[in-house]
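The next block holds one structure in the form of structure tokens; read it before the comments.
Whatever order the structure lists them in is the order used to number ligands and atoms, beginning at 1.
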Amino acid sequence: MTEQPVMTEDDRTRDPWGPRTPHAAGTAWPERVDRHLRDGVRAEDVQRWVRSACVLCSNGCGLDIGVIDDEIVGVRGRADDRVNRGRLGPKGLYGWKGQTRDRLLRPLMRDDDGHLVEVDHETAMRAVVERSRSLLERRGGLSHGFYTSGQLMAEEYYTLAVIGKAGLGTPHMDGNTRLCTATAAASMKESFGTDGQPASFDDIEHCDALFLFGHNVAETQTVLWARMLDRIEGADPPAVVCVDPRRTEVARRATVHLPVRPGTNVALVNGLTRELIHRGAVDDDWVRVHTIGYDDLAAVVEPYDPARVGEICGIDPGDLRAAADVFAQARAPLSTVLQGFYQSHQATAASVGVNNLHLLRGMIGHPGAGVLQMNGQPTAQNNRECGADGDLPGFRNWDNEEHVAELAELWDVDPITIPHWSPPTHAMQLFRYAEQGSIEFLWIAGTNPAVSMPDLDRIRNILSSPDCFVVVSDAYPTETTALADVVFPAALWGERTGTFTNADRTVHLSEKAVDPPGEARSDLDLWLDYARRMDFRTRSGRPLPWWRTPEETFDEWVRATRGRPCDQSALSYERLRERSGIQWPVTADAPDGTARLYTGGEFNTYTDRCETYGHDLLTGATVTREGHRALRADGRAVLKAVEHTAPPGAPDGDFPFRLITGRTVHHFHTRTKTGRVAELEAAAPRAWVELSAADADELGVRAGDTVRVSTPRGSLDLPVRITEVRPGTVFVPFHYGDQAANELTLTAWDPVSKQPQLKLTGARVDVIDPENR
Ligand SMILES: Nc1nc2c(c(=O)[nH]1)N[C@H]1C(S)=C(S)[C@@H](COP(=O)(O)OP(=O)(O)OC[C@H]3O[C@@H](n4cnc5c(=O)[nH]c(N)nc54)[C@H](O)[C@@H]3O)O[C@H]1N2
Ligand SMILES: Nc1nc2c(c(=O)[nH]1)N[C@H]1C(S)=C(S)[C@@H](COP(=O)(O)OP(=O)(O)OC[C@H]3O[C@@H](n4cnc5c(=O)[nH]c(N)nc54)[C@H](O)[C@@H]3O)O[C@H]1N2
Ligand code: SF4
Ligand SMILES: [Mo]
């Protein structure tokens with residue numbers, strides 16, 4: 001192999017994707033190594049390069065952390081990594097710099113006057129355990145709730161799942177993954193029987209059509225977009241179809257852009273499905289052998305002719321036909337789906353609709369053809385696999401007694417301890433229980449709900465209520481730690497060892513590079529310490545959990561996956577040190593991992609194997625075990641569709657605009673890291689609102705003017721940017737705690753995945769008289 005040039009000095013904040021390495025269909029993606037070191041540090045000064053992967057999005061780019069004297073001084077992409085072949089984007093290159101500023105160094109506890117004051121770990125943990133014990137005695141496990149993250153490590157989620165389910169016996173446990181990728185999981189469970197990404201990023205090299213449904217990949221997974229661009233600019237480029245109300249960078253490079261009216265995705269996918277059927281593009285033989293539900297599906301979509309879809313979605317019917325032509329003719333279509341679909345009122349139905357398109361053509365499980373129901377956060381997949389989002393570990397079905405019994409056996413506890421009498425509590429319900437007083441102990445780790453949850457005024461009230469004891473572990477002071485009763489300083493990425501899994505099932509090991517600052521501890525250590533003091537025990541009297549180190553925890557976790565769709569039983573830290581990124585399943589038969597699922601057209605829909613018995617996509621009503629058995633899916637994928645319905649909180653006379661919210665390339669979420677990095681902060685220091693030129697004209701405002709954006713929940717004064725957003729729609733980034741988009745959003749969610757509707761609120765825009773500002 002020839003040595004690849006190392007790209008160092010380019011300013012990746014201005015050129016997020018870096019230079020092109022175009023290549024032809026079916027050929028390997030070339031390497032290009034990106035590196036960034038602290039000012040004044042030369043590569044040869046670095047004493048150690050420590051194996052890791054980036055934790056600033058679900059792409060999971062492999063990288064090495066450069067260390068001098070117990071300090072992180074830079075990062076370098078790993079050329080041998082299957083995900084990025086050396087590349088890093090702006091967050092990956094610069095994000096680590098935020099880890100060295102303003103860290104929480106000691107635990108905090110609220111004193112009698114209501115102030116948060118520094119205490120030692122012993123005092124803080126003793127207070128937590130006392131409160132937890134007394135509640136457990138008085139009220140039982142149901143008084144406890146846990147709200148975590150998509151940014152911790154597999155070892156941490158699994159340990160928490162065991163503590164919550166086998167120690168406390170509470171079903172009140174969820175992640176911010178509910179706001180993020182609950183719909184990815186839900187849509188795959190409905191169609192294929194279990195969670196688990198069918199496709200591989202390698203499919204980008206093989207596809208001849210790329211469909212991006214509500215996914216602004218150019219800004220949110222910059223390295224994945226670089227990979228797509230290298231196909232788009234190479235020989236035999238794929239056709240690109242973009243579904244997004246804004247003319248994003250993806251839309252600019254698309255063959256067809258469908259700028260749908262927010263909240264109408266189901267009408268769109270129904271229209272595309274009908275077009276496939278009417279074009280005779282359905283692979284009848286494949287559908288007959290490998291799916292169920294075709295007749296009902298065809299009946300539901302039939303009324304969605306291009307004219308009607310054009311009207312509902314506000315798009316040109318000719319563009320819908322053009323997009324359908326691309327899908328109908330593709331030899332290997334690859335689709336990605338993300339928040340434009342997930343954070344809406346019919347999220348699961350719309351995302352299942354994309355699965356349907358692939359199933360109808362048998363375009364799944366072979367090179368280039370497949371679906372990526374994307375993740376967003378770097379470790380969202382682990383939260384789902386390990387069961388810290390309420391699901392049972394290993395994609396087990398809470399409604400299946402045998403699955404519960406397997407876990408009881410594994411953990412050596414009575415099956416009755418493991419909550420399985422009702423569906424796990426989803427995040428929005430968890431906060432509702434805290435609001436109503438039934439949850440009196442809430443442990444929050446690795447998330448900042450006082451900025452990221454909808455309807456913030458309500459969330460702040462819940463967190464600051466004296467009736468709920470709130471424990472928060474975070475690395476920085478945040479809007480959420482400010483409302484806590486106890487705060488633990490957390491060790492961050494690079495300061496502890498653990499594993500995480502990206503959006504195409506690739507597991508990486510991230511090794512500890514430096515010590516955490518002050519008294520910061522990993523979430524694993526915090527939860528193990530809590531469990532020891534609570535003295536949870538197995539049936540035979542062994543401490544529960546009985547493991548101590550990250551590696552021991554990982555070995556226990558992979559044991560829990562044996563025989564399940566996410567089987568990682570042949571994976572170990574040792575293997576992960578040999579190879580940069582391995583895709584599960586990893587078994588004795590497939591020790592190097594598995595590129596694609598469902599290659600033989602057999603799905604996880606057997607009643608004894610599936611993760612859910614399914615739902616009515618319209619109402620969310622659950623299907624029973626008997627109902628599922630009667631369907632006789634038995635390894636066949638499930639086709640299902642529903643009518644488009646009007647979204648709650650849609651525009652009306654007082655609030656005529658459609659407000660959508662989302663991301664910008666330079667910041668990650670609530671900016672606790674990226675807001676502390678000079679390069680990224682300078683690139684996007686404050687919030688704004690995007691208006692179309694037509695709406696700006698109508699309102700009589702110019703770029704830079706301040707307008708007031710109001711909804712029934714609140715209002716924000718924001719400077720205007722004029723962009724190519726669809727007229728009638730306005731966009732606000734959600735990153736800024738001091739001007740939080742979630743002051744404006746509503747409490748509403750998809751009936752199946754329970755993912756909140758963060759992408760649509762009726763809003764008004766008023767010009768602020770400069771005199772009265
Ligand atoms: N720079 C950056 N990258 C990130 C993150 C970050 O904070 N910053 N976060 C990571 C995480 S956790 C996630 S979940 C991902 C999210 O990644 P994306 O889903 O790509 O990001 P969003 O900006 O939330 O939403 C995507 C697009 O949905 C469009 N949209 C809004 N409403 C609708 C609709 O009704 N229909 C359709 N079809 N589209 C609509 C928006 O215009 C927007 O361009 O990004 C990950 N990567
Ligand atoms: N309006 C609107 N709202 C949204 C969205 C949207 O598009 N629009 N997107 C939603 C989505 S997809 C997501 S993913 C969420 C993200 O929302 P959040 O998860 O609330 O956002 P983050 O800023 O990533 O918060 C993570 C917190 O964990 C801390 N942290 C990082 N690593 C660790 C660790 O190892 N241990 C501990 N204990 N703490 C750590 C960080 O400092 C930070 O405070 O926002 C959701 N909210
Ligand atoms: S694409 Fe995602 S994982 Fe890769 S460097 Fe950027 S933020 Fe990190
Ligand atoms: Mo997310």
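For ligand 1, the atoms closer than 4.0 angstrom to any heavy atom of G376 are 10 (C), 11 (C), 12 (S), 13 (C), 14 (S), 15 (C), 46 (C).
A salt bridge links R103 and E495; the closest N-O separation between the charged side-chain nitrogens and carboxylate oxygens is under 4.0 Å.
Of the protein's heavy atoms, H669 NE2, 2.9 Å lies nearest to atom 12 (S) of ligand 1. The closest protein non-hydrogen atom to atom 43 (C) of ligand 1 is D244 OD2, 3.4 Å.
Heavy atoms of E156 come nearer than 4.0 angstrom to ligand 2 in no pair at all. Residue-ligand proximity: F668 is placed with a non-hydrogen atom under 4.0 Å from ligand 2.
Counting heavy atoms under 4.0 Å from ligand 2, residue T177 does not touch it at all. By the criterion of a heavy-atom distance under 4.0 Å, both the backbone and the side chain of N448 are placed next to ligand 2. Residue contacts with ligand 2, taken as heavy atom pairs separated by less than 4.0 Å, do not involve E495 at all. Proximity of M453 to ligand 2, defined as any heavy-atom pair under 4.0 Å, is not found for any part of the residue. By the criterion of a heavy-atom distance under 4.0 Å, neither the backbone nor the side chain of M153 is placed next to ligand 2.
Close N/O approach between G340 and ligand 1 is found [any backbone or side-chain N/O within under 3.5 Å]. Checked against a 3.5 angstrom limit, the closest N/O atoms of Q377 and ligand 1 fall outside it. In terms of N/O distances under 3.5 Å, ligand 1 is not approached by I660. Distances between N or O atoms of K91 and those of ligand 1 include at least one value under 3.5 Å. Between N265 and ligand 1, a contact under 3.5 Å exists for at least one N or O pair. Residue contacts with ligand 1: E219 is placed with a nitrogen or oxygen under 3.5 Å of a nitrogen or oxygen of the ligand (distance criterion only). When only interatomic distances are considered, the shortest N/O to N/O separation between T220 and ligand 1 falls below 3.5 Å. Not one N or O of Q343 is nearer than 3.5 Å to an N or O of ligand 1, by distance alone. The shortest N or O to N or O distance between F213 and ligand 1 is not under 3.5 Å. Looking at ligand 1, you won't find any N or O of V217 less than 3.5 Å from one of its N or O atoms.
Between the side chains of T183 and S753, at least one donor N or O sits under 3.5 Å from an acceptor N or O. Neither side chain, N356 nor T273, offers a donor N or O lying under 3.5 Å from an acceptor on the other.
Of the candidates L152, L526, T672, T379, it is T672 that places a heavy atom closest to atom 41 (C) of ligand 2. Atom 8 (N) of ligand 2 has its nearest heavy-atom neighbour, among T670, N742, T661, in T661.
Proximity of the aromatic rings of H735 and F668 is defined here by a centroid distance below 6.0 angstrom, and this criterion is not met. A centroid separation of 6.0 Å or more is found between the aromatic rings of W688 and F731. You'll find the ring centres of W749 and H426 inside the 6.0 Å limit. A centroid separation of 6.0 Å or more is found between the aromatic rings of Y158 and F554.
The aromatic rings of W443 and Y530 sit perpendicular to each other, their planes meeting at more than 60°, with 30° as the lower class boundary.
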Show the numbers, then the answer: is there a side-chain hydrogen bond (donor to acceptor under 3.5 Å, both in side chains) between T379 and Y157?
CA-CA 10 Å; T379 78; Y157 298 124; 2.6 Å; yes

Just do the side-chain hydrogen bond (donor to acceptor under 3.5 Å, both in side chains) check on R713 and T761 with the steps written out, would you?
CA-CA 10 Å; R713 288 290 171 274; T761 316; over 6 Å; no

